[in-house]
Amino acid sequence: MDTVRGAKSVTRTGPIIVVLLAMLVVWYAAAIGMNAPWQTTLNTRAGLADVPFTDFALQTWAQDRPVLPAPHQVLGEIWNATVALELTSRRSLAYHGWITLSSTLLGFVLGTTLGVALAVFIVHNEAANRSLMPWIIASQTIPILAIAPMVVVGLGSVGITGTVPRALISMYLSFFPVVVGMVKGLRSPESIQLDLMHTYDASPWQTFWKLRWPAAMPMLFASMKVGIAISLVGAVVSELSNAAGGGLGVRLLTGSYNGQTIQIWAALFIAAALAAILVMIVGAAERMVNARMGARPA
Amino acid sequence: MVFDAFEQGRFMTPVVSAQNLGLTFKTNDGDVVALSDVNLTINKGEFVSFIGPSGCGKTTFLRTIADLERPTSGKLTINGQTPEVARKARAYGYVFQAPALYPWRTIEKNVALPLEIMGYGAGQQAERVRRTMDLVNLSGFEKKYPWQLSGGMQQRASIARALSFDADLLLMDEPFGALDEIVRDHLNSELLKLWDRTQKTICFVTHSIPEAVYLSTKIVVMSPRPGRVTDVIESDLPKERPLDIRETPEFLTIAARVRDGLRAGHSYEEAV
Amino acid sequence: MSQLQYFLALVAGGLSAAALAYSFVTPFEQALLLKAFLALGFLSLIRFFVPLGLWADGAFALLGAVAVLTSLGAFAPPLPFFWMAVVVAWLFAWLFVERLSKSLAPRLSDNAGLGLLVPVVFGAALLVIWEVVTRGANVPPVLLPAPSAIGAQLANSAPILWADFVQTFIKSVLPGFAIGCLSGLVVAILVDRSPFLKAGLLPIGNFMSALPIIGIAPIMVMWFGFDWQSKAAVVVAMTFFPMLVNTVAGLNASSSIERDLMRTYAADYWQTLLKLRLPAAGPFIFNALKINSTLALIGAIVAEFFGTPVVGMGFRISTGVGRLAIDLVWAEIAVAAIAGSAFYGVIALIERGVTFWHPSVRGGRA
């Protein structure tokens with residue numbers, strides 16, 4: 001049985017690895033092509049003619065401010081900006097990553113709590129359902145991220161600065177998927193299941209904890225995955241409006257002002273890795289809860 | 001004329017002929033023998049029922065005729081051709097367990113689907129749709145969508161879809177299995193009339209003994225592990241069959257023989 | 001009436017009485033309408049003897065809103081009884097909505113007109129409270145301007161807002177959205193033919209959908225320049241993956257019976273694709289289109305934070321914040337909100353027309 005499962009995971013990861021390798025090859029090739037014009041200019045200036053192609057390729061992969069940095073340059077920058085630096089340094093990506101992560105997490109926790117609470121209220125109150133739900137759904141179509149700088153500056157003007165305003169943006173963003181998902185999840189029990197609880201004369205409280213809440217778990221985790229990803233986006237974007245505050249968004253911004261492409265890519269990679277790790281943590285929590293609830297492994 | 005001789009020769013060949021047919025599925029838990037050493041001949045105009053408990057290979061046999069499964073041993077011909085050639089020649093219409101009507105198409109558009117695929121002109125499509133809808137008593141429901149119809153009407157529409165391109169062979173895989181008994185009786189007698197009118201060859205999979213006996217000229221009893229044919233019963237019931245024929249001694253005799261055949265091939269101790 | 005309704009009615013009436021008593025500290029002719037409203041609110045307590053219809057509560061709420069808005073400038077700063085009146089008006093609105101929903105609930109969604117009234121009342125109440133609180137409590141406009149101020153700005157700077165809308169929505173969002181969705185769709189169809197590519201690309205596509213793709217904005221600005229091309233590129237990158245993932249899932253949504261059926265007709269690949277698999281994928285494709293309509297606008301606006309010519313919604317927001325031209329920023333946000341929901345609404349309408357057959361649209365069960 002174990003060998004079968006092992007074989008299966010190989011056939012599953014095999015294609016992914018091949019596609020990733022292909023992307024890597026394309027990236028290196030693109031780096032040559034996109035950095036070539038500038039490299040040619042440099043070489044002409046230095047009086048170098050007829051540089052062999054392999055040398056030329058290596059040159060394009062080692063520029064200071066390439067149009068497209070090669071993957072190993074980005075990884076090198078990440079290494080230099082994390083492990084090789086003091087954590088408190090203003091140039092440390094770990095320092096900026098921590099700023100982003102802390103507002104992401106704070107916002108996510110607040111947003112999820114608020115979202116679940118509101119969903120419970122909506123499911124149990126018809127007036128709340130009818131008056132709130134249309135607005136919640138409609139407000140999802142609004143580019144809320146556009147308000148981010150507004151909120152940061154507005155709160156800053158009344159003396160609220162630092163993590164909290166940014167976390168509020170993240171909260172606002174992660175709150176929507178959680179409300180919508182949880183309302184769906186809490187309503188997912190079928191009418192015969194509700195009728196069964198009714199025949200037991202179960203209190204609303206019992207119906208909630210023994211039927212609605214467990215039934216809503218799959219939706220909760222699905223929306224939490226969306227919520228934490230968008231929470232990170234909110235944190236990064238809200239950092240753009242205050243360059244002094246730090247964070248991965250600020251690294252993107254200063255990188256773009258100074259033409260430091262390698263720095264931009266490094267910050268981008270860290271943000272992507274953070275998003276991936278956070279989503280994976282939610283996924284792991286989901287599997288743990290599923291296992292405790294006796295659900296079949298998917 | 002050569003052409004005549006050819007036509008006549010075709011007439012003489014059986015519609016379906018299986019010789020030592022076998023089919024083995026490979027699964028994670030080892031091989032499953034779905035069909036083993038099946039020998040069967042179905043002639044033009046016959047109504048053949050396949051009956052047996054689940055896992056006896058009756059559906060698999062039908063799917064093999066339709067070239068939806070490939071046999072692993074033996075020989076199978078449809079009108080003297082391989083199943084694949086027969087499928088590409090659109091030699092049969094297939095009715096599935098579920099109506100499988102496309103919800104985004106009206107009933108008439110669903111019936112026209114095979115005609116569109118086979119490249120019929122618009123005029124001919126309309127004519128054939130009208131005729132087959134009439135044949136299954138669905139006239140007047142052309143513009144409805146499938147979900148607006150009852151289960152029985154949906155299944156009738158799917159039969160119309162299988163008839164629309166006028167293939168001589170009709171393969172039906174438990175078409176009325178999901179319907180209630182009253183609707184089912186009604187559709188059974190309608191199917192018999194339709195068979196009489198169109199002179200088609202019908203292969204019909206079922207797990208209901210009365211249904212098999214009521215409809216068929218030939219009943220193929222099958223049993224599982226491995227899937228095989230245990231009995232072939234030629235029915236001598238008259239072609240005209242009112243529903244109350246099911247209370248006659250002749251009917252009950254055949255039904256008893258089918259039941260014996262099923263019991264012989266199936267030991268309940270090994271049933272899971 | 002339910003327990004909650006009794007409670008709301010009691011508090012509304014009692015608070016009216018208290019506020020009315022308080023209001024006698026001011027000259028009689030000042031804020032007359034407000035006092036009339038409070039008196040009526042106090043009189044509403046007769047409902048415990050004579051039943052009052054739910055529309056009476058609606059009328060009280062409406063009167064309250066008008067009274068509160070018109071007497072905003074009457075005292076500066078507003079006296080406590082003014083805030084009590086605001087609360088009373090809110091309570092009447094709540095009571096109205098509560099009773100209306102209860103009377104609608106058993107009849108479900110068949111009375112669309114009245115059903116629509118509930119969220120409209122809620123939205124209007126929110127706007128009134130926003131207006132009253134920002135102006136009455138002198139909230140600094142930097143924090144939150146009053147809706148009336150935003151509305152005035154909206155009317156005053158229409159040409160600027162229109163230019164920004166054209167730059168951001170017409171030039172960046174629409175082409176980016178079209179290219180991103182179309183290429184996602186095409187790649188999905190191509191990938192679908194190869195199980196190997198599907199197994200390799202799909203998890204990566206799923207993964208990419210969770211990443212902060214918006215972060216590539218500065219790179220795109222470097223590659224494609226300050227104008228709309230770089231914004232469209234960001235939009236393409238953001239919309240591509242949701243479309244890819246959803247379409248691939250949708251192409252597999254047809255059942256095996258439906259696919260067997262096409263096989264019995266000896267239908268070729270393209271016939272199966274056009275007649276079965278693409279229509280069956282419709283709901284999935286529209287799901288991606290709806291997700292993407294929001295993503296596209298966000299992508300274009302945020303990308304403008306990284307550099308633009310001196311026009312565009314994102315540009316206006318980021319510079320407006322810097323110059324503390326807050327009303328203009330909020331007007332721009334209002335335009336973005338209207339554009340975003342209209343874009344989404346149009347796609348949702350088309351979806352209703354195209355995938356009318358799907359259980360989620362026709363409101364039935366599968």
Side-chain angles (χ1 to χ4, degrees), chain A residues 11-12 14-20 22-23 34 67-68 125-135 138-150 152-155 157-158 225-226 229 232-233 236-237 240-241 248-249 252-253 255-256 259 261 264-265 267-268 271-272 275-276 279, chain C residues 94 97-98 100-102 104-105 115-116 118-119 121-123 126 140 142-144 196-201 203-204 207 209-212 214-219 221-223 290 293-294 297-298 301-302 305-307 313-314 317-318 321 324 326 329-330 332-333 336-337 340-341 343-345:
Chain A
T11 55
R12 240 187 236 171
I16 303 179
I17 291 168
V18 171
V19 170
L20 282 177
M23 286 165 79
M34 294 178 76
V67 177
L68 176 63
N125 184 297
E126 180 63 21
N129 172 37
R130 281 179 180 274
S131 50
L132 285 174
M133 265 325 260
W135 289 105
S139 61
Q140 275 192 300
T141 67
I142 296 169
I144 290 160
L145 262 184
I147 319 181
M150 198 60 253
V152 172
V153 169
L155 289 176
S157 72
V158 289
K225 280 184 198 164
V226 177
L232 182 76
V233 173
V236 170
V237 172
L240 295 178
S241 49
L248 294 174
L252 289 178
L253 202 63
S256 95
T261 43
I264 297 178
W265 281 93
L268 200 55
V279 171
Chain C
W94 187 356
V97 163
E98 186 79 31
L100 187 60
S101 325
K102 277 274 152 54
L104 285 175
L116 214 61
V118 179
V121 168
F122 180 79
L126 216 58
V142 184
L143 196 59
L144 191 67
F196 186 85
L197 271 184
K198 199 156 71 174
L201 261 181
I204 296 174
F207 176 71
S209 301
L211 297 186
I214 212 161
I216 65 161
I219 296 160
V221 170
M222 283 180 182
W223 287 0
K290 287 195 285 190
S293 70
T294 318
L297 206 49
I298 290 179
I301 291 178
V302 172
F305 294 170
F306 287 95
M313 296 160 88
I317 290 172
S318 58
V321 166
L324 293 182
I326 301 301
V329 173
W330 277 94
E332 199 75 64
I333 289 170
S341 22
F343 193 17
Y344 185 94

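Residue numbers begin at 1 in each chain, while the letters A, B, ... track the order of the sequences. Bear in mind that the values here come from a model prediction, so they are computed numbers and not experimental data.
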Under 4.5 Å from any heavy atom of chain A, what part of Ile301(C) do you find: side chain, backbone, both or neither?
side chain

Nearest heavy-atom approach of Leu211(C) to Ala275(A) is CD2-CB, 4.0 Å

Among Met313(C), Glu332(C), Met222(C), Lys290(C), which has the most heavy-atom pairs under 4.5 Å with chain A?
Met222(C)

Over all heavy atoms of both residues, which pair between Val19(A) and Gly200(C) is shortest? Give the atoms and the distance, please.
CG2-CA, 3.7 Å

Among Ser318(C), Ala217(C), Pro212(C), single out the residue with the greatest number of heavy-atom pairs under 4.5 Å to chain A.
Pro212(C)

Does Leu240(A) reach the side chain of Val302(C), with side-chain heavy atoms less than 4.5 Å apart?
yes

Any non-hydrogen side-chain atom of Leu68(A) less than 4.5 Å from a side-chain atom of Trp223(C)?
yes

Is there a side-chain contact (heavy atoms from CB on, under 4.5 Å) between Val279(A) and Phe207(C) once you walk through the steps?
CA-CA 9 Å; Val279(A) 171; Phe207(C) 176 71; over 6 Å; no

Measure across Ile16(A) and Pro203(C) and return the closest heavy-atom pair with its distance rounded to 0.1 Å.
CD1-CG, 3.6 Å

Max heavy-atom pair count under 4.5 Å with chain A, selected residue of Ile204(C), Ile317(C), Val329(C), Ile214(C)
Ile204(C)

Identify which of Met133(A), Met23(A), Met34(A) forms the greatest number of heavy-atom pairs closer than 4.5 Å to chain C.
Met34(A)

Top residue by heavy-atom pair count (under 4.5 Å) with chain A, among Tyr344(C), Phe306(C), Phe305(C)?
Phe306(C)

Measure distances from Ile298(C) to the heavy atoms of chain A and classify the residue's part below 4.5 Å as side chain, backbone, both or neither.
both

So what's closer than 4.5 Å to chain A heavy atoms on Ser293(C): side chain, backbone, both or neither?
neither

Top contributor to chain C contacts, counting heavy-atom pairs under 4.5 Å, from Asn125(A), Leu155(A), Leu248(A), Leu132(A)
Asn125(A)

I need the residue from Val18(A), Val236(A), Ile17(A), Leu232(A) with the largest number of non-hydrogen atom pairs under 4.5 Å to chain C.
Val18(A)

From Leu268(A) atom CG to Ile216(C) atom CD1, the distance as rounded to the nearest 0.5 Å:
7.5 Å

Residue part contacting chain A, namely of Trp94(C), when any heavy atom lies under 4.5 Å:
neither

